[in-house]
Amino acid sequence: MVSNEDVVRTLERIADLLEIRGENAFKVRAYRQAAAQVEHLDESIAGIAAGEGGLARLTGFGAAIAEKVGELLSTGRLRYLEELEAEVPPTLLAICELPGVGPRTVAMLWREAGITTMDQLRAAARSGALNGLPRLGMKTVERIVATLDAPREHSGKARRPRADVEPIAAELSDAVRALPDVRRAEVAGSFRRGKPTIGDLDIVVATGKPPGILVAFAALPEVERVLVRGESKCSVEVASSFQVDCRAVAEDQFGAAMQYFTGSQAHNVRLRGRAIRMGLLLNEYGVFRIEGKERIAGETEEDVYAALGLRWIAPEKREDRGEVEAAV
């Protein structure tokens with residue numbers, strides 16, 4: 001079954017490939033907005049598609065995007081995406097994830113230098129072949145070389161030793177707590193799970209004014225570059241291109257957000273499966289009954305786990321290694 005997450009990834013992949021291809025900004029933005037809409041749904045998009053009015057009920061879903069998402073939901077495949085991947089090397093998407101390298105720069109590397117893989121980029125960066133290319137200053141080239149040479153996890157994201165990240169986490173979380181209208185702010189993600197190396201930081205904020213908090217977060221003096229800012233999330237780079245994501249939620253959603261952005265992917269998949277078997281829906285905003293959409297938990301992590309029939313699970317154990325079964 002195609003999940004909401006599958007649809008989000010597909011729409012974002014299409015947007016990235018279109019931008020690399022040089023498609024007009026309005027078309028690219030339409031796919032990104034559709035992805036954001038699905039990401040924040042409190043119900044299954046498959047259920048919406050099957051209901052009265054179908055996907056047309058969703059804001060930002062024009063006829064073309066609704067048709068494509070409908071095809072993906074019904075067949076598990078999307079011919080449009082396959083056609084894009086045949087035209088634009090999908091290996092370029094991995095290069096897009098590098099700090100300071102977006103789809104437009106990747107398109108330039110592809111067309112001007114014939115670079116389509118990370119290995120080709122690494123060789124070009126070390127040989128000096130990148131020097132003088134449009135959109136690539138010396139500092140950007142140096143950053144690319146440093147990133148490519150850093151230890152990396154399987155996802156391709158550069159990781160830093162925990163000891164190097166701890167002062168960044170402390171400084172930023174204190175700065176966020178000092179902002180007006182912030183009720184609570186805590187670091188989540190792999191840092192909270194106590195991992196020895198960290199790919200990025202997730203800071204979860206409880207506030208009555210999420211958009212305003214994200215504007216203030218992006219303006220903090222520690223921020224070197226704003227990557228993206230929306231209504232509930234702002235991604236920035238600090239301390240030599242280290243990424244920090246700030247998630248702003250309502251106070252009664254704070255526990256659900258901390259659970260969602262702390263657990264490993266495998267842990268969260270396990271919990272969502274348990275929730276579905278109980279007739280519930282679990283996401284970063286709370287626990288909801290599938291029938292009637294009543295919200296039954298979300299203010300605290302303890303409430304979230306209790307709603308799933310579980311004792312609270314310590315952050316460092318949220319890796320899907322038997323901790324869910326032990327907490328029943």
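As a basis for the values below, the full set of heavy atoms in this structure was taken, side chains included, without hydrogen atoms, waters or symmetry mates.
Arg193 places no side-chain N or O within 3.5 Å of a backbone atom of Ala314 that could act as its donor or acceptor partner. Looking at Arg162, its side chain never comes within 3.5 Å of a backbone N or O of Thr197 through a donor-acceptor pair. Looking only at distances, a side-chain donor or acceptor of Thr91 sits under 3.5 Å from a matching main-chain atom of Thr116. No donor-acceptor distance shorter than 3.5 angstrom exists from the side chain of Gln253 to the backbone of Val249, with no hydrogens or angles considered. A donor-acceptor pair under 3.5 Å links the side-chain atoms of Glu323 to the main chain of Asp320, judged by distance alone. In this structure, Arg311 contributes its side chain and Ala326 its backbone to a donor-acceptor pair below 3.5 Å.
Side chains of Leu281 and Val287 form no contact here, defined as non-hydrogen atoms less than 4.5 Å apart. Residues Arg160 and Ile198 form no side-chain contact, since every pair of their non-hydrogen atoms from C-beta on lies 4.5 Å or further apart. Looking only at side-chain heavy atoms (C-beta outward), Lys27 and Leu18 come within less than 4.5 Å of each other. At a threshold of 4.5 Å between non-hydrogen side-chain atoms, the residues Glu222 and Leu172 count as touching. In this structure, Leu81 and Arg13 have side chains that are in contact, with non-hydrogen atoms separated by less than 4.5 Å. A heavy-atom distance below 4.5 Å is found between the side chains of Ile20 and Cys96. Contact of the Tyr260 side chain with the Val304 side chain is not registered, since no non-hydrogen atoms from C-beta on lie closer than 4.5 Å. Under the 4.5 Å side-chain criterion, counting only non-hydrogen atoms from C-beta, Arg57 is in contact with Ile48.
One side chain, Gln259 or Asn268, offers a donor N or O that lies under 3.5 Å from an acceptor on the other.
Put simply, CG on Leu271 and CG on Leu280 are 11.5 Å apart, with the number rounded to the nearest 0.5 Å. In this structure, Leu133 CG and Ile115 CD1 are separated by 7.0 Å, a value rounded to the nearest 0.5 Å. For the atom pair Leu109 CG and Leu130 CG, the distance stands at 6.5 Å (nearest 0.5 Å). A distance of 9.5 Å separates CZ in Arg21 from CZ in Arg111, rounded to the nearest 0.5 Å. Rounding to the nearest 0.5 Å places CG of Leu179 at 9.0 Å from CZ of Phe217. The OG atom of Ser235 lies 11.0 Å from the CZ atom of Arg225; values are rounded to the nearest 0.5 Å.
The minimum heavy-atom distance between Ala30 and Ile65, with the atom names listed, is O-CD1, 3.7 Å. Leu55 approaches Gly70 most closely through the heavy-atom pair CD1-N, 3.8 Å. Closest non-hydrogen pair, Val238 versus Val223, comes out as CG1-CA, 3.9 Å. Between Asp200 and Phe242 the shortest heavy-atom distance is CA-CZ, 3.6 Å.
Neither Leu201 nor Phe254 shares a network with the other; the hydrophobic side chains, linked directly or stepwise wherever heavy atoms of I, L, V, M, F, W or Y lie under 4.5 Å apart, form separate groups for each. In the hydrophobic clustering of this structure, Leu214 does not group with Val226; members are Ile, Leu, Val, Met, Phe, Trp, Tyr whose side-chain heavy atoms approach within less than 4.5 Å, directly or through other members. In this structure, Ile313 is not a member of the same hydrophobic cluster as Phe191, with clusters built from ILVMFWY side-chain heavy atoms closer than 4.5 Å. Placement of Ile276 and Leu308 in two distinct hydrophobic clusters is found when ILVMFWY residues are connected by side-chain heavy-atom separations under 4.5 Å, directly or transitively. A single hydrophobic cluster is seen to contain both Val2 and Tyr31, as judged by linkage of ILVMFWY side chains at heavy-atom distances under 4.5 Å, directly or through other members.
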Check your understanding: Do Leu17 and Glu23 pass the side chain to side chain contact (heavy atoms under 4.5 Å, CB included) test, and can you show the C-alpha distance, the side-chain angles, and the key distance before you say yes or no?
Key -> CA-CA 9 Å; Leu17 290 170; Glu23 196 66 61; over 6 Å; no
Check your understanding: Does the pair Leu72 and Asp6 meet the rule for a side chain to side chain contact (heavy atoms under 4.5 Å, CB included), with working shown?
Key -> CA-CA 9 Å; Leu72 178 63; Asp6 294 329; 5.6 Å; no
Review point. Run the side chain to side chain contact (heavy atoms under 4.5 Å, CB included) check on Leu220 and Val176 step by step: do they pass?
Key: CA-CA 9 Å; Leu220 289 174; Val176 171; 4.3 Å; yes
Check your understanding: Checking salt bridge (charged side-chain N to carboxylate O under 4.0 Å, His left out) for the pair Glu319/Lys195: CA distance, chi angles, key distance, verdict?
Key -> CA-CA 11 Å; Glu319 302 286 353; Lys195 306 304 286 185; 3.5 Å; yes
Check your understanding: Would Asn4 and Ser44 satisfy side chain to side chain contact (heavy atoms under 4.5 Å, CB included), going step by step from the backbone distance to the final call?
Key -> CA-CA 6 Å; Asn4 287 23; Ser44 164; 4.3 Å; yes
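Members clustered with Val228: none, using a 4.5 Å side-chain heavy-atom cutoff among hydrophobic residues.
Residues satisfying the salt bridge (Lys or Arg N to Asp or Glu O under 4.0 Å) test with Arg29, not counting sequence neighbours, are none. Partners of Ala50 by side chain to side chain contact (heavy atoms under 4.5 Å, CB included), not counting sequence neighbours: none found. Here Gln265 pairs with nothing under the side-chain hydrogen bond (donor to acceptor under 3.5 Å, both in side chains) rule; sequence neighbours left out. Qualifying side chain to side chain contact (heavy atoms under 4.5 Å, CB included) partners for Glu67, counting only residues two or more places apart in sequence or in other chains: none. Residues passing the side-chain hydrogen bond (donor to acceptor under 3.5 Å, both in side chains) test with Arg104: none are found, sequence neighbours excluded. Residues satisfying the side chain to side chain contact (heavy atoms under 4.5 Å, CB included) test with Ala36, not counting sequence neighbours, are none. Residues that satisfy the side-chain hydrogen bond (donor to acceptor under 3.5 Å, both in side chains) test with Glu5, not counting sequence neighbours, are Ser3. With sequence neighbours excluded, the residues satisfying side chain to side chain contact (heavy atoms under 4.5 Å, CB included) with Asp16 are Arg32, Leu93, Pro103.
For the pair Lys293 and Phe288, the NZ or CZ position fails the cation-pi test of under 6.0 Å to the six-membered ring centre and within 45 degrees of the ring normal.
The pair Glu251-Arg184 fails the salt-bridge criterion, with no side-chain N (NZ, NE, NH1 or NH2) lying under 4.0 Å from an Asp/Glu carboxylate O.
Between His267 and Tyr305, the ring planes lie tilted relative to each other; the angle falls in the 30° to 60° range.
Within the structure, side chain to side chain donor-acceptor pair (under 3.5 Å) contacts touching residues 283-292 (residues at least two apart or in different chains) are His40-Tyr285, Asp42-Asn283, Arg289-Glu294. Sorted by first and then second residue, the salt bridge (Lys or Arg N to Asp or Glu O under 4.0 Å) pairs involving residues 296-305 (not counting sequence neighbours) are Arg192-Glu301, Glu301-Arg318.
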Just distance, no hydrogens or angles: give the donor-acceptor pairs under 3.5 Å from side chains in residues 202-213, sequence neighbours left out.
from   : atom 1 : to     : atom 2 : distance (Å)
Thr207 : OG1    : Asp181 : O      : 2.8
Thr207 : OG1    : Lys209 : N      : 3.0

